[in-house]
Amino acid sequence: MRNIPIIAGEIYHIYNRGVEKRNIFMENADYFRFIHDLYEFNNEERVFNLGYHFKPKSIATGLQYIKPRKLLVEILAFALMPNHYHLLIRPKTDTATAEFMKKINGGYAHYFNKKHQRTGVLFQGKFKAVLLESNSHLMHMPFYIHCNPLDLVMPEWREGKLPNTKDALHFLENYRWSSFPDYIGKKNFPSVTSREFLLEMADGEQNYKKNFTKWLSQMNLNFIDDLTFE
């Protein structure tokens with residue numbers, strides 16, 4: 001799925017998981033660290049790996065960073081799961097995605113191995129990328145990414161068999177390791193994502209939530225079968 005050129009200004013679904021499907025997030029501090037890296041490493045300038053010594057409180061949860069950056073990519077959406085992650089990105093240059101992902105995967109693996117006293121590769125090969133080529137893809141893919149945490153509590157969602165849409169929505173609104181709360185106006189990690197484009201398409205946060213809820217109740221993943229990795 002990587003045999004495609006990654007071009008500035010296009011939008012891509014990016015995915016990677018732990019080697020042998022192992023967990024890459026063992027505790028909350030690991031999720032915090034990866035989200036911090038999504039922010040910190042998204043910079044054309046050189047950044048320093050924090051190594052093992054990282055305090056979760058150092059990420060400005062719910063606040064806007066003031067630190068100036070030269071973005072490599074726009075992170076439109078993300079969701080972190082115990083053994084994998086999903087990103088929706090729009091690169092600023094043709095080489096930006098490769099540079100950003102090298103920083104993210106390398107920096108996080110270094111941190112994880114030191115903290116959890118292990119050696120060797122952490123991720124299953126190079127990241128996978130799929131180009132979003134239509135307005136339909138743009139409508140469905142952010143919702144799909146934001147639905148992924150339901151695998152933890154309602155895995156039948158992938159078959160369109162949600163037992164309770166209201167309970168599913170409540171779970172996703174309170175799942176910390178995703179950009180979904182920020183998209184519906186609950187400040188979570190607002191500095192990490194560039195939400196203007198998708199929110200303009202949705203006509204604001206209230207409509208994003210309204211459209212997402214409708215999509216959840218009428219789910220049909222056939223629209224994006226060619227853009228997912230499961």
Side-chain angles (χ1 to χ4, degrees), residues 1-2 12-42 49-52 54 56 59 61 73 75-89 97-98 100-130 140-162 168 171-182 188-189 192-193 216 219 221 224-230:
M1 293 182 180
R2 284 287 306 285
Y12 297 86
H13 177 205
I14 303 289
Y15 170 93
N16 210 342
R17 67 181 178 190
V19 64
E20 298 178 342
K21 301 183 180 180
R22 66 150 295 138
N23 281 358
I24 56 176
F25 305 111
M26 305 297 293
E27 57 189 30
N28 285 353
D30 295 340
Y31 287 101
F32 273 115
R33 171 56 189 252
F34 192 90
I35 291 171
H36 175 274
D37 286 355
L38 287 177
Y39 176 87
E40 193 72 19
F41 292 157
N42 191 11
N49 195 327
L50 297 175
Y52 171 74
F54 170 74
I59 189 169
T61 305
V73 303
I75 301 174
L76 304 181
F78 70 87
L80 311 185
M81 300 289 288
N83 72 350
H84 67 275
Y85 62 78
H86 294 270
L87 305 176
L88 191 65
I89 68 166
T97 301
F100 177 61
M101 298 310 299
K102 181 179 179 180
K103 288 181 179 181
I104 286 290
N105 287 343
Y108 182 76
H110 178 74
Y111 151 84
F112 186 91
N113 283 353
K114 289 193 71 173
K115 178 178 179 181
H116 297 289
Q117 300 180 353
R118 70 179 298 272
T119 59
V121 297
L122 178 62
F123 294 102
Q124 186 172 293
K126 295 181 179 179
F127 68 91
K128 299 175 178 64
V130 176
H140 292 278
M141 181 51 63
F143 292 166
Y144 168 79
I145 288 175
H146 286 152
C147 266
N148 256 257
L150 289 177
D151 285 347
L152 301 174
V153 292
M154 301 178 186
E156 61 271 32
W157 75 274
R158 293 183 178 276
E159 301 173 8
K161 299 177 181 178
L162 275 179
F171 175 79
L172 294 171
E173 287 178 353
N174 292 281
Y175 186 78
R176 292 293 312 278
W177 321 120
S178 159
S179 54
F180 181 66
D182 287 309
N188 192 35
F189 300 107
V192 173
T193 47
L216 200 60
M219 189 182 306
L221 297 183
I224 52 173
D225 275 347
D226 55 336
L227 303 179
T228 62
F229 303 98
E230 281 76 16

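For this chain, numbers begin at 1 and follow the sequence in order. Just so it is clear, the values below take in all heavy atoms, side chains as well, and ignore hydrogens, waters and symmetry mates. Quick caveat: nothing in here was measured; it's all calculated off a predicted structure.
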Please state whether the rings of F189 and F78 are parallel, tilted or perpendicular, taking 30° and 60° as the class boundaries.
tilted
Between H140 and Y144, is the ring centre distance below 6.0 Å?
no
Run the side-chain contact (heavy atoms from CB on, under 4.5 Å) check on L152 and M81 step by step: do they pass?
CA-CA 9 Å; L152 301 174; M81 300 289 288; 3.8 Å; yes
With under 30° as parallel and over 60° as perpendicular, where do the rings of Y15 and H13 fit, or are they tilted in between?
perpendicular
For the residue pair L150 and R158, establish whether any side-chain heavy-atom pair is separated by less than 4.5 Å.
no
Heavy-atom pair with the smallest gap, counting every atom of G18 and I24
CA-CG2, 3.5 Å
From the list F127, F25, F41, ring pair (Phe, Tyr, Trp, His ring centres under 6.0 Å) with Y108 holds only for F25
Show your working on ring pair (Phe, Tyr, Trp, His ring centres under 6.0 Å) between F34 and Y31 and close with a plain yes or no.
CA-CA 5 Å; F34 192 90; Y31 287 101; 9.0 Å; no
Salt bridge (charged side-chain N to carboxylate O under 4.0 Å, His left out), that's the test. Do K103 and D37 meet it? Break it down for me.
CA-CA 8 Å; K103 288 181 179 181; D37 286 355; over 6 Å; no
Just wondering, do W157 and L216 contact through their side chains at under 4.5 Å, heavy atoms?
no
Parallel, tilted or perpendicular, judged at 30° and 60°: which one describes the rings of Y85 and F123?
perpendicular
Using the rule given for side-chain contact (heavy atoms from CB on, under 4.5 Å), can you reason through R176 versus F32, listing the C-alpha separation, both sets of side-chain angles and the distance that settles it, and then say yes or no?
CA-CA 9 Å; R176 292 293 312 278; F32 273 115; 4.0 Å; yes
Can you classify the ring geometry of H86 versus H84 as parallel (below 30°), tilted (30 to 60°) or perpendicular (above 60°)?
perpendicular
